[in-house]
Number of protein chains: 2
Amino acid sequence: MGASLSDVANRAGVSTATVSRALRGLPSVAEGTRLRIVRIARELDYTITPSASRLASGRTHTVGVVAPYVNRWFFGEVIFGVEEVLRSRGFDLLLYNLADATSRDRFFDAMPLRRRVDAVAVLSMPLSPEQAAVLSGLDVPLGLVGADAEGFACVRIDDVAGAGSAVRHLIMLGHRDIAHISGGGPATHSFTTPRDRARAYRDVLEDAGIGYRPELEAVGDYTVAGGERAMSALLSGATRPSAVFAQSDEMAFGAMRAIRHSGLRVPEDISVVGFDNHELADVLDLTTVEQPVAEQGNLVAQILLDLVESGGEPPPTMTLPTGLVVRGSTRPVSPR
Amino acid sequence: MGASLSDVANRAGVSTATVSRALRGLPSVAEGTRLRIVRIARELDYTITPSASRLASGRTHTVGVVAPYVNRWFFGEVIFGVEEVLRSRGFDLLLYNLADATSRDRFFDAMPLRRRVDAVAVLSMPLSPEQAAVLSGLDVPLGLVGADAEGFACVRIDDVAGAGSAVRHLIMLGHRDIAHISGGGPATHSFTTPRDRARAYRDVLEDAGIGYRPELEAVGDYTVAGGERAMSALLSGATRPSAVFAQSDEMAFGAMRAIRHSGLRVPEDISVVGFDNHELADVLDLTTVEQPVAEQGNLVAQILLDLVESGGEPPPTMTLPTGLVVRGSTRPVSPR
DNA sequence: TTGAAAGCGCTAACAA
DNA sequence: TTGTTAGCGCTTTCAA
């Protein structure tokens with residue numbers, strides 16, 4: 001049905017090689033020839049057949065995006081940012097959502113990305129050394145959002161600084177019994193985000209002379225339900241915290257609900273700080289740590305496409321700034 | 001670097017055609033031959049080169065997914081559902097996010113999906129007749145979530161029934177001054193969802209003998225900020241509503257915030273009902289209309305792949321049920 | 001600046 | 001059940 005390169009070549013009275021060069025904008029085509037070819041191609045409604053081009057050139061003009069979730073706020077934003085850049089530069093975006101361990105294993109075992117993409121972006125997903133090695137074996141530029149890894153172009157925030165600002169805010173409000181809802185269970189153990197944020201929580205408490213008490217920590221799994229469970233557990237502990245720092249806004253939302261369900265109020269009885277500045281943090285009046293999210297997607301995509309097009313080594317990790325957004329969910333500790 | 005079909009064929013002492021057949025599981029290969037070939041392919045770490053396969057066969061094993069947003073709850077869930085089915089059946093998912101009119105125009109003008117996909121799924125996006133025609137021109141199975149259209153395999157909910165149940169709930173609670181925050185501006189005019197929900201709002205009011213008053217309607221654009229603006233406008237109107245039905249939970253969240261900012265309370269002063277059962281509706285205690293979201297993605301993907309693999313005509317529209325979820329944001333009207 | 005020709009790695013008739 | 005033989009539609013040397 002559709003016209004092919006040779007149709008255009010015949011009509012223009014030139015070889016397919018010239019048409020190919022003209023349409024790709026290569027320099028070695030006379031301007032008149034190019035104009036004529038472009039006009040004829042348009043007349044014939046010519047469209048390149050990607051698979052033929054890919055087979056002949058070896059370039060796929062496609063970037064694989066691997067995410068542990070596509071249906072959470074943070075990931076939707078990052079994917080948005082990545083897609084924006086890819087589309088504007090004429091690249092396809094191949095999406096892989098690896099929610100559970102099974103699909104993750106299957107993915108890294110079969111590695112469906114082989115010979116299929118020019119670059120891969122991994123979004124805030126814990127990567128075992130073996131998995132990182134499998135990706136390296138693809139022999140294409142690799143990008144990573146939300147962590148550092150050897151051989152990857154990394155875009156991230158300073159989790160230690162961000163989490164530190166949240167905990168210091170609570171300390172400055174006079175809180176001493178500050179609980180922590182962390183993200184990662186054992187599955188995410190190798191990932192830096194939960195570790196860094198947890199470390200900042202502990203270090204800031206130690207530095208303030210408050211000391212870190214393990215019984216004030218609970219795991220929330222980065223979900224609303226997980227945050228709710230974690231907060232319930234904390235509330236039934238021996239020490240009732242006067243404030244809680246959650247490693248994500250979703251967990252903070254869950255924590256707020258648990259607090260209310262137990263008959264307490266936010267912030268009168270317990271202050272809550274989250275992390276992300278989720279689009280609904282404002283609605284829920286949640287104090288949180290803001291991070292640029294879509295921008296991280298933009299950046300990693302840009303870096304990857306530059307590497308694809310110009311080669312070279314991955315640049316040093318880009319660390320973007322965070323900021324504390326104070327809203328109504330935190331207030332000075334009240335005397336008991 | 002990687003082994004090719006002919007490497008496997010040489011090693012196995014058969015032709016490339018036999019290797020191709022064996023690896024694809026075609027019936028006409030002796031079991032012993034197949035086993036040997038599969039073993040050798042594994043030994044050689046053979047991976048198919050998709051572009052070669054696509055060029056030779058004409059099948060891309062790829063589905064294009066076109067969405068107006070990837071970073072909103074509803075769309076994230078649908079994409080999740082689509083991806084799940086595609087990955088399980090070995091298809092690639094090519095994602096296109098067309099947030100603004102410019103990118104939409106460019107997309108339909110250049111139609112980058114040509115010769116690139118075996119099917120296309122359009123997610124809750126208004127389609128002009130011209131745009132629908134461009135897609136039809138791709139000559140591949142077409143799917144649509146959230147609306148009906150000739151020539152598309154459609155998966156949707158009954159928006160009229162869903163919205164009707166929300167408004168009837170308010171009427172049953174004794175409300176008479178029921179406002180409506182609608183989704184669509186002029187840009188989405190051709191799309192059925194906002195129209196159907198708006199129609200249900202009006203019809204139910206009429207049927208209840210309450211009558212429909214245009215001054216109780218405002219446009220909220222399906223966003224939190226839009227819902228907030230719409231609610232503010234409604235609150236500064238002549239009649240203060242005692243209840244409001246928002247066409248999406250996000251707009252309902254915005255409305256709740258506007259209500260609180262104006263010094264009123266939900267539900268004491270104003271009841272609020274949303275639509276979607278967003279993951280945070282529960283956290284915000286929002287009464288809403290629940291719809292199966294990821295399931296719609298699952299279904300449209302399944303239907304499309306069946307059409308790709310077996311041909312045939314798109315099946316009739318699948319209409320999934322909705323349900324009213326009553327939470328704390330609605331209560332009987334209080335005497336003024 | 002252009003053309004001829006040889007693939008890229010696979011699939012699909014057709015034959016055997 | 002297997003092999004032979006053409007391509008699929010482009011890109012890319014190499015030569016002119």
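Just so we're on the same page: letters track the sequence lines, and every chain starts at 1.
Projected onto DNA chain C by closest heavy-atom contact, A:S15 and B:R24 fall at different nucleotides, the more 5' of which corresponds to A:S15. Position along DNA chain D of the nearest nucleotide to A:L26 versus B:V14 favours B:V14 as the more 5'-ward residue.
Salt-bridge annotation for A:D92 and A:R87: absent, with no side-chain N of the basic residue lying under 4.0 Å from a carboxylate O of the acidic one. Using a 4.0 Å cut-off between a side-chain N of Lys or Arg and a carboxylate O of Asp or Glu, A:R89 and A:D306 qualify as a salt bridge.
One can place CZ of A:R116 at 16 Å from P of C:dG9, the figure rounded to the nearest angstrom. Rounded to whole Å, the distance from OH on B:Y46 to P on C:dG9 is 10 Å. B:D7 has its CG atom 9 Å from the P atom of C:dC10, to the nearest Å. As rounded to whole Å, 16 Å separates atom P of C:dG9 from atom CZ of A:R54. Here D:dG3 presents its P atom at 8 Å from CD1 of B:I37, a figure rounded to the nearest Å. A:L5 has its CG atom 12 Å from the P atom of D:dT12, to the nearest Å. With rounding to whole Å, A:R36 atom CZ is found 12 Å from C:dT1 atom C1'. Computed from coordinates, the A:L55 CG to C:dC8 P distance equals 9 Å when rounded to whole Å.
Distance from the side chain of A:A17 is smallest to D:dT12 among D:dT12, D:dG3, C:dC10. Distance from the side chain of B:A56 is smallest for C:dC10 among the nucleotides D:dG3, C:dC10, D:dT1. Considering only the side chain of A:S53, D:dT11 comes nearest among C:dA4, C:dC10, D:dT11. Of the candidate nucleotides D:dT12, C:dG9, D:dT2, D:dT2 has the atom nearest to the side chain of B:T18.
Note on B:S51: nothing from the nucleic acid sits closer than 4.0 angstrom, heavy atoms only. Using a 4.0 Å heavy-atom criterion, one finds that A:S4 contacts the sugar-phosphate atoms exclusively. Heavy atoms of A:G32 sit nowhere under 4.0 angstrom from any nucleic acid atom.
Remark: the B:R54 side chain and the B:T60 side chain contain no N/O donor-acceptor pair separated by less than 3.5 Å. For the residue pair A:S103 / A:D100, a side-chain donor-acceptor distance below 3.5 Å is found, with atom types taken as modelled. For the residue pair A:Q296/A:E77, the side-chain donor-acceptor check at 3.5 Å is not satisfied.
Considering only side-chain N and O atoms, A:S57 lies nowhere under 4.0 angstrom from the phosphate OP1 or OP2 of D:dT11. The phosphate of D:dT1 has neither OP1 nor OP2 within less than 4.0 Å of any side-chain N or O from B:R21. Between C:dT11 and B:S20, a contact under 4.0 Å exists linking OP1 or OP2 to a side-chain N or O.
Screening B:V85, B:V155, B:L86, B:L307 against B:Q302 for a side-chain contact (heavy atoms from CB on, under 4.5 Å) leaves a single residue, B:V85.
In terms of polar N and O atoms assigned as donor or acceptor, the side chain of A:R59 never comes within less than 3.5 Å of the base of D:dT12 in a complementary pairing.
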